[in-house]
Amino acid sequence: MGRAPAVSGEYELPPVCILAGGKGTRLGTRVQDTPKPLLEVAGQPFLLHQLKLLAAHGATQAVICVGYLGERIEQTIGQNRFGVQISYSYDGPGLDGTLGAIRRAASHLGRRFLVLYGDTYLRIDYRAVARSWEHSGLSALMTVLRNEGRWDISNVRFDGSRVLSYDKRRPHADMEWIDYGLGGLTAAALDPSTEQMHDLSELQHVLAARGELFGYAAPERFYEIGTPAGLAETESFLRSLETQATRDA
């Protein structure tokens, strides 16, 4: 497959860490022999949709954190897609969690990198997000969506530029926003983490409390394949994009 067409601007995205190690148990037998990132969605493995979108927004390097059936992912996707150079970081024998996976991959990611969940399709201006975060001078990034209880329980307080508080486990009644699924970390942002922290959300909770978590408001809803309903919805949406592209050709 060739390089995806680039969007306007020459800004090159920082490396993207894609968290793709989960088992996807909510999808039942669909993932019995197929890792979630390789589930066919709109005619091709979902991970290819993600990589094509990232390439269109200036990504040139990705590190995919894999666990369950990770060898299948590497064999299928390879080391280069759409001009994005890809490397792989494998989970250890224990339960590393999302934060443990990031720590394990950190040596391949450099001093500043984006973090993306491997089951989400996010229509956002990745370049604008990365630029705004860099200009903020803050050590970490969270994209947020005004939720008000629509998609899940709201768990973010956001003032328009910073995430004031984030609590995935004990959300407060005054929270109206939700984590959109695209984040970012500098190497220094990992310093407050401890070996007892396994989930990225735990570190983000600490960084928000320290005033170090930059926030960027997403203008559109997210799509995901983590649940049967989400998978069906994302399939329909990506099919509609293909139909529109054919009409516009």
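Sequential numbering from 1 along the given sequence is applied to the chain's residues. As a basis for the values below, the full set of heavy atoms in this structure was taken, side chains included, without hydrogen atoms, waters or symmetry mates.
Glu224 and Thr120 share no donor-acceptor pair across their side chains, judged by distance under 3.5 Å alone. Under the 3.5 Å distance criterion, with hydrogens and angles disregarded, no donor-acceptor pair is assigned to the side chains of Glu176 and Ser154.
Linking Ile, Leu, Val, Met, Phe, Trp and Tyr whenever their side-chain heavy atoms come within less than 4.5 Å puts Leu141 and Leu122 in one cluster. Leu47 and Val63 end up in different hydrophobic clusters when Ile, Leu, Val, Met, Phe, Trp and Tyr side chains are linked at under 4.5 Å. Note: the hydrophobic cluster containing Ile225 also contains Leu53 (ILVMFWY, side chain heavy atoms under 4.5 Å, direct or indirect links). Both Leu238 and Phe82 are part of a single hydrophobic cluster, where members link through side-chain heavy atoms under 4.5 Å apart. A continuous path of hydrophobic side-chain contacts links Leu54 to Ile73 [ILVMFWY only; heavy atoms under 4.5 Å].
Not a single donor-acceptor pair under 3.5 Å links the side chain of Ser139 to the backbone N or O of Thr186. One N or O on the side chain of Glu202 and one on the backbone of His198 form a donor-acceptor pair closer than 3.5 Å. In this structure, Tyr166 contributes its side chain and Asp179 its backbone to no donor-acceptor pair below 3.5 Å. Checked by atom type and distance alone, the side chain of Glu12 never pairs as donor or acceptor with a backbone atom of Gly58 at under 3.5 Å. In this structure, Gln61 contributes its side chain and His108 its backbone to a donor-acceptor pair below 3.5 Å.
Scanning for ring pair (Phe, Tyr, Trp, His ring centres under 6.0 Å) contacts around Tyr223 gives Phe237, with sequence neighbours left out. Checked against ring pair (Phe, Tyr, Trp, His ring centres under 6.0 Å), Phe113 has no partners two or more places apart in sequence or in another chain. Listed by chain and number, the residues in a ring pair (Phe, Tyr, Trp, His ring centres under 6.0 Å) with Phe222 are Trp151 (sequence neighbours excluded). Residues satisfying the side-chain hydrogen bond (donor to acceptor under 3.5 Å, both in side chains) criterion with Arg162, sequence neighbours excluded, are absent altogether.
The environment of CZ in Arg221 is crowded: more than 12 heavy-atom neighbours from other residues, nucleotides or ligands sit within 6.0 Å.
Going from atom CG of Leu200 over to atom CG of Leu185 covers 6.0 Å, rounded to the nearest 0.5 Å. Distance NE2/His205 to CG/Leu213: 11.5 Å, rounded to 0.5 Å. Taken to the nearest 0.5 Å, the CZ atom of Phe46 stands 13.5 Å off from the CD atom of Glu40. The line from NE2 of His172 to CG of Asp167 is 5.0 Å long, rounded to the nearest 0.5 Å.
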From CA spacing to verdict: side-chain contact (heavy atoms from CB on, under 4.5 Å), Ile178, Val156
CA-CA 5 Å; Ile178 196 169; Val156 172; 5.6 Å; no
With side-chain contact (heavy atoms from CB on, under 4.5 Å) as the criterion, how do Leu39 and Val31 come out once you've worked through the C-alpha distance, each side chain's angles and the decisive distance to 0.1 Å?
CA-CA 8 Å; Leu39 286 176; Val31 292; 4.0 Å; yes
Just do the side-chain contact (heavy atoms from CB on, under 4.5 Å) check on Asn155 and Ile153 with the steps written out, would you?
CA-CA 6 Å; Asn155 52 28; Ile153 298 173; 5.8 Å; no
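Within the 4.5 Å cutoff, the side chain of Ser89 has no heavy atoms near those of the Val66 side chain. Taking the side chain as every heavy atom from C-beta outward, Leu99 and Asp199 never approach each other to under 4.5 Å. A heavy-atom distance below 4.5 Å is found between the side chains of Val129 and Tyr216. In this structure, Arg157 and Val163 have side chains that are not in contact, with every pair of non-hydrogen atoms separated by 4.5 Å or more. Contact check for Leu138 versus Leu207: no side-chain heavy atoms found under the 4.5 Å cut-off.
Residue pairs meeting the side-chain hydrogen bond (donor to acceptor under 3.5 Å, both in side chains) criterion with at least one member in residues 23-38, sequence neighbours excluded, are Lys36-Asp119. Residues in residues 120-140 take part in these ring-ring contact (aromatic ring centres under 6.0 Å, His included) pairs, two or more places apart or across chains: His57-Tyr126.
Salt-bridge formation is detected for the pair Arg239/Glu242: a Lys NZ or Arg NE/NH1/NH2 atom is positioned less than 4.0 Å from an Asp or Glu carboxylate oxygen.
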